[in-house]
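To keep things clear, I will list the structure first and then write my remarks on it.
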Amino acid sequence: MRRAPNRIFSVILVATALFASAQAASVWKSDAVTWQFRSWYPQYSRVFSSVLRDSCQEPYAAYQRGWVDNDKIDVLGGGDEHSALIQPVILCLLDNTSEYIKSAMSSAQVLLGVTPTILAYMGPTAQELSLLSVVAKRPFLSFCLSLGSPGMHLTRAFQYNDPAKLFEDQAGSFQPVVRGNRIRFIAAGQYLAAFIALANIGHLYYELSVQTVSAIWPDNFIGPLLWGAFAAAFHFSSLWLLMLRMRRAEYSLREGEVRRQRASILSRIRAWWRLEWQVSAHQNKIYIVVYPESTQFVVLWWVVSICMVGHLVYGTILLSSMFFIGPRDALVIIARFMISALMSRLIIAYEVAGLRMNYTELVVKYTRAEPRVVYDV
């Protein structure tokens, strides 16, 4: 039967991700870390470096010391106790920058503002990432792909598609062919591509944090990192949602094959390691059990849907409020985000195609009155 520890483990993962994000936000304050203004994006790097060196030495020196004089906060200029350290430097840089460069920075902000929406359309869906963990039994690859594609795909708010439809053939789907010793090489190639996408995203987060300043959160440099961390937290939530609706079974009702022995922890680790390096196209027959929607599922899905919309809004506001970046730099940033999202999408498309190819039977669709006898692989 379905076991409670799986739910508890999922709750712990989500809570841990959210707690870690909150702790990071509380630790890295502007009075402790002053990393901005040390490097710039290349298009206007010479301009901002010269202005900072020749015209903004006094506010920049105060920023580096981390000392704030509350009596000199420029409230009418938009400053407050949270931005008092960095706001004088920003104003000085903007006051000594031409209107042409300011207009160009505004264009870059528009380009960056549409980036989360572009990534939401290009990247894998939350259901597909969860399918890779729950059915294909490759949770580590799924987690890496969720980190490598921060955009959260949204179809319609509060609408959750039937997970069984993911196994139906769709337009443009293909059947991957895997032969002989290519399996390990394909799996290794998938991890290599996932790590490259993840490294690219991580470097983008770092550059956006230290080479720009966000108007909505100027005193803190971890805004882009939190955007990606929340995407990973939503991945765990989506994983829990799919586990409430679908499991991979170990038997077929037509074939009469039922194996109900409980595996030890060591056996489960060995099975996970074996399947983690096995592409879905080369796995055994796949039997699926779909459960009806429960109250717990509906409530959680509504909460996750609201949070996903908030995540999209946060990413849009964050990236569209970045200072000291030119339009050419913004195009490079968007291209790099799109490359990571596309790499994640290609890996997911290959794995989902393999699951459809090996999908054998929908075992049964239980009602609440029927017993649930499902044992994971």
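Residues take their numbers from the sequence shown, with the count starting at 1.
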Minimum heavy-atom distance W240-Q296, with the two atoms named: CZ2-NE2, 3.2 Å
Side-chain donor-acceptor contact under 3.5 Å, S142 with S133: yes
Passing candidate, side chain to side chain contact (heavy atoms under 4.5 Å, CB included) with L132, options I347, V352, L145: L145
Parallel, tilted or perpendicular: rings of W277 and Y191 (30°, 60°): tilted
Distance-minimising heavy-atom pair for H311 and P150: CE1-O, 3.2 Å
Note, Y350 side chain near I186 side chain (heavy atom, < 4.5 Å): yes
Heavy-atom side-chain proximity of F324 to Y44 below 4.5 angstrom: no
Centroid-centroid distance, F143 to F236, less than 6.0 Å: yes
Residues, nucleotides or ligands: over 12 heavy atoms within 6.0 Å of M338 CE: no
Straight-line distance of R336 CZ to T115 OG1, nearest 0.5 Å: 13.0 Å
Within 6.0 angstrom of R328 CZ, more than 12 heavy atoms from elsewhere: no
Parallel, tilted or perpendicular: ring planes of Y205 versus F337, cut at 30 and 60 degrees: tilted
Least distance between heavy atoms, Q109 atom then S321 atom: NE2-C, 4.0 Å
